[in-house]
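What follows is a short report on a single structure.
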Amino acid sequence: MHQQANASLILLQKALALHQKGDLAPAEELYKKVLVKLPDHFEANYLYGMLKLHQEDWEAAEAQLAHAIELNPDHRDTYFDHAGALVHLGRDAEAVQRYDEILAQTPDFADALLARGTALRRLKRSREALADIERAAALTPDNPDAWFQLGNLQHEFYGYRDARASYERAVALRPDFIEAWFNLGNTCKDSYQFDEALRAYDHALEVQPDFFEAQSNRGFVLFKMQRPMEALEAYDRAMALDDSSPDLWFNRGSTLEQLYRFSEATECYRRARELKPDASSAAWNDALLKLRQGDFANGWPAYESRWATEQMRTQVRQFLQPLWLGQQSLQDKTILIHAEQGFGDTLQFVRYLPQVAALGARVILEVPPALVRLLAKVPGAAQVISSDQFMRPGFDYHCPLMSLPLACKSFSEADIPRSPYLLPDADAWATWLQRLPRNRAMRVGLVWAGSSAQTHPDAVRIEGERSLPFEALAPVVELAQEHAQLEFYSVQVGETAVAQLRNHPLASHVRDCSAELQDFADTSGLIANLDLLISVDTSVCHLAGALGKPVWLLNRANTCWRWQLERSDTPWYPGMHLFRQKQTGDWSEVVAEVRNALLQQLA
């Protein structure tokens, strides 16, 4: 018996030598022979389990290593390797239990901490995972994998600065760590550090030129950096690697749209929906593109796709009453029309209320509190209520305000109800009439910035694009120094923007009205007493347009769909003139055009 055991141990040594050389098949045969003779030999069972791991036969490895643990419960590495097999089988909860057993005995086992942390993250137990991986990184500061996993968790918790530092540590330790370069790029992208993101993606592509995701994300960053031609080139390189990604087609479509290559953009959106039928963002972008081109007949039906998008799905209103989109009769029925999106959208689309009322309906309009006083007597509405009102009157149907063009079949420019369709608040109008000088001066209102309450980075970016600093309007305001018959009134609200006026050398030539503008009713009274409003694309320009006042719109290059393309007028407001920006961020040409136009008015 002793000789038989010695012979089996010699076979085991041969099997291990073959195993270590990578000759797995002959090693397996020898391991099996040993186990026939010595079925309860711990080392033979453990090594055979490890061979199964190396063969990626996860089920056999798990069973064999579990048996090895039964034979020798004190061997730490067996627990660790068994947990690895469980991870590969998708049994993370059981793997965590194994890691718990290891760490109970050896709390500073860094590899076990790292492995348990990654398993906990997959189990959505990210707080526990973060503690493990922070500990692993502290114990093994030269381990790039620990810093990589730490960066992943920090990114998950929106700790972008910390995540960036962790990824940078990982790539410093392993310069060809493409996953860390890629995730560093993603962290910089998501924190709107686009230059740094581009550099990180470029590093990843230096190591692996056919890295599809890096190439695709590189295109997205270039698009955000207002470099659409380079973005398109990056997307095309990504497409040469893999053309099956709906997100790639969508982003390529957005880039083509920015380049005014609309037919190609439409085809990209179609392809994105073909690859992913529920690609709601592609459907919505396609709808906006149609509206931007004035194709209302196809644009308004497609615009209903907005409710499935990430931006809008949380705003879907849930009512027991059915949605009305024009199909059912409204004779002797009550319908709730509820505002959506921004103040400007509400002011633009209440024009359709009389058409709904003309169908025999009693219309209840629900709007944000800041609009209630202004719209209290809006034509077509029998009752106006605030969106923060807890109890609503009874109704039979409901309809989102921006679905009214579809419901009312407003499919051509001729179908758009023309302004004016609002009246200023009577008390506010009379108050402002008394406040303003009684002279024959030309009264011009100014609005140079949108809402400063935005916090989402995309919204902040758009606000930055559509707004301009008060200083940029100086060439226009300076005209008041030369022309006594010209008076400027600031209709601007928001402390940050108003402070720009108050701190400017030309402040004495612009009356700051912000303290007297508590809601849109107050603003309507002021605008009704002005001759002209010069404004960026914000709610006040819609208010002035709805009141029938002349508006000069300072329109950003990346224009909103409603202002369409390459036209200086708009079917929404006949009294509005559009001054179009040529290059994002550069308002000088627009301001010069406005100055010249104002001089012509004064001549």
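Position 1 is the first residue of the sequence, and the numbers go up from there. What you are looking at is a predicted structure, and each value in this text was computed from that prediction instead of being measured.
Judged purely by atom type and a 3.5 angstrom limit, Ser524 uses its side chain to pair as donor or acceptor with the backbone of Ala521. Between the side chain of Gln492 and the backbone N or O of Trp448 there is at least one donor-acceptor pair closer than 3.5 Å. Tyr167 contributes no side-chain N or O that, together with a main-chain N or O of Gly185, makes up a donor-acceptor pair within less than 3.5 Å. Formation of a donor-acceptor pair under 3.5 Å by the Asp162 side chain with backbone atoms of Gly159 is not found in this model. With hydrogens and angles ignored, the 3.5 Å screen pairs a side-chain donor or acceptor of Tyr235 with a backbone N or O of Phe220. For Arg351 (side chain) and Gln348 (main-chain N/O), a donor-acceptor pair under 3.5 Å exists by modelled atom type. Panel note: side chain Ser245, backbone Leu248; a donor-acceptor pair is recorded below 3.5 Å. Of the possible donor and acceptor atoms, one in the side chain of Lys549 sits under 3.5 Å from a partner among the backbone N and O of Ala528. A donor-acceptor pair is defined here as one N or O able to donate and one able to accept, closer than 3.5 Å; such a pair exists between the side chain of Gln581 and the backbone of Ala557. Between the side chain of Gln500 and the main chain of Phe470, a donor-acceptor pair closer than 3.5 Å is present.
Rounding to the nearest 0.5 Å gives a distance of 13.5 Å between CG of Leu150 and NE2 of His155. Once rounded to the nearest 0.5 Å, the distance linking CD1 of Ile416 with CZ of Arg418 reads 5.5 Å. Atom CG of Leu554 is separated from atom CG of Leu578 by 9.5 Å, given to the nearest 0.5 angstrom. One finds the CD atom of Glu257 at 13.0 Å from the CZ atom of Arg261 (value rounded to the nearest 0.5 Å). Note that CG of Leu256 and CG of Leu289 are 10.5 Å apart. Values are rounded to the nearest 0.5 Å. In this structure, CG on Leu406 lies 13.5 Å from CZ on Phe296, to the nearest 0.5 angstrom.
Looking at Arg218 and Leu205, their side chains come closer than 4.5 Å, going by heavy atoms from C-beta outward. Val221 places a side-chain heavy atom less than 4.5 Å from the side chain of Met225. The closest side-chain heavy-atom distance from Ser419 to Pro574 is below 4.5 Å. Residues Leu526 and Leu530 meet the side-chain proximity criterion, which asks for heavy atoms closer than 4.5 Å. Between Asp522 and Asp425, every side-chain heavy-atom pair lies at or beyond the 4.5 Å cut-off. A 4.5 Å side-chain heavy-atom check between Gln311 and Trp284 finds at least one atom pair inside the cut-off. Residues Tyr397 and Ile337 have side chains not in contact (no heavy-atom distance under 4.5 Å, counting atoms from C-beta outward). A heavy-atom distance below 4.5 Å is found between the side chains of Leu323 and His398.
A salt bridge links Arg273 to Asp286: at least one charged side-chain nitrogen sits closer than 4.0 Å to a carboxylate oxygen. With salt bridges taken as basic N to acidic carboxylate O contacts below 4.0 Å, none links Arg292 and Glu566. With salt bridges taken as basic N to acidic carboxylate O contacts below 4.0 Å, none links Glu128 and Arg121. Using a 4.0 Å cut-off between charged side-chain N and carboxylate O, Arg271 and Glu267 make no salt bridge. Taking 4.0 Å as the cut-off between side-chain N and carboxylate O, Arg199 and Asp195 do not count as a salt-bridged pair.
In summary, the side chains of Asp415 and Ser412 do present a donor paired with an acceptor at a separation below 3.5 Å, with no hydrogens or angles considered. Residues Ser254 and Asn285 have side chains that bring a donor and an acceptor to within less than 3.5 angstrom of each other. Side chains of Gln149 and Thr118: no donor on one and acceptor on the other come within 3.5 Å.
Every residue meeting the salt bridge (charged side-chain N to carboxylate O under 4.0 Å, His left out) condition with Arg122, not counting sequence neighbours, appears here in chain and number order: Asp92. Annotation: side-chain hydrogen bond (donor to acceptor under 3.5 Å, both in side chains) contacts of Tyr303 (sequence neighbours excluded): Gln341.
Screening residues 298-308 for salt bridge (charged side-chain N to carboxylate O under 4.0 Å, His left out) gives Glu304-Arg306, Arg306-Glu340 as the qualifying pairs, with residues at least two apart or on separate chains. Applying the side-chain hydrogen bond (donor to acceptor under 3.5 Å, both in side chains) rule to pairs touching residues 324-333 yields nothing, sequence neighbours excluded.
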Contacts table for residues 534-542: side-chain donor-acceptor under 3.5 angstrom, sequence neighbours left out:
| from | atom 1 | to | atom 2 | distance (Å) |
| --- | --- | --- | --- | --- |
| Asp537 | OD1 | Trp563 | NE1 | 3.4 |
| Asp537 | OD2 | Trp563 | NE1 | 3.0 |
| His542 | ND1 | Tyr573 | OH | 2.8 |

Side-chain donor-acceptor distances from residues 379-396 under 3.5 Å, at least two apart:
| from | atom 1 | to | atom 2 | distance (Å) |
| --- | --- | --- | --- | --- |
| Gln383 | OE1 | Arg362 | NH2 | 3.4 |
| Ser386 | OG | Asp388 | N | 3.3 |
| Ser386 | OG | Asp388 | OD1 | 2.4 |
| Gln389 | NE2 | Met391 | O | 2.8 |
| Arg392 | NE | Glu366 | OE1 | 2.7 |
| Asp396 | OD2 | Thr334 | N | 2.8 |

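Across all their heavy atoms, Gly151 and Ala163 have their closest contact at O-CB, 3.5 Å. The shortest heavy-atom contact between Ser280 and Arg313 is OG-NH2, 4.4 Å. Scanning both residues, Gly545 and Val551, for their nearest heavy atoms gives N-CG2, 3.8 Å. Shown here for Asp242 and Phe212, the closest heavy-atom pair between the two residues is O-CE1, 3.3 Å. Annotation for Thr255 and Ala231: closest pair CG2-CB, 4.1 Å, computed over non-hydrogen atoms. The heavy-atom pair separating Gln355 from Pro417 by the smallest distance is NE2-CG, 3.3 Å.
Annotation: cation-pi geometry satisfied between Arg127 and Phe157 (NZ/CZ under 6.0 angstrom from ring centroid, within 45° of ring axis).
For Tyr158, the OH atom is loosely surrounded, since the number of other residues' heavy atoms within 6.0 Å does not exceed 12. By the neighbour-count criterion of 12 heavy atoms within 6.0 Å, atom NZ of Lys124 is sparsely surrounded, having that number or fewer from other residues, nucleotides or ligands.
Side-chain rings of His577 and Phe579 approach one another, their centers coming within less than 6.0 Å. With ring centers used as reference points, Trp300 lies 6.0 Å or more from Phe411. If you look at Phe349 and Trp572, their ring centroids are closer than 6.0 Å.
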Inset, instruction - Might you work through the salt bridge (Lys or Arg N to Asp or Glu O under 4.0 Å) test for Asp345 and Arg562, ending with a clear yes or no? - result: CA-CA 10 Å; Asp345 299 297; Arg562 73 196 79 217; 2.8 Å; yes

Legend entry - Test log, rule salt bridge (Lys or Arg N to Asp or Glu O under 4.0 Å), inputs Arg125 and Glu156: CA-CA 12 Å; Arg125 294 163 60 182; Glu156 185 177 315; over 6 Å; no

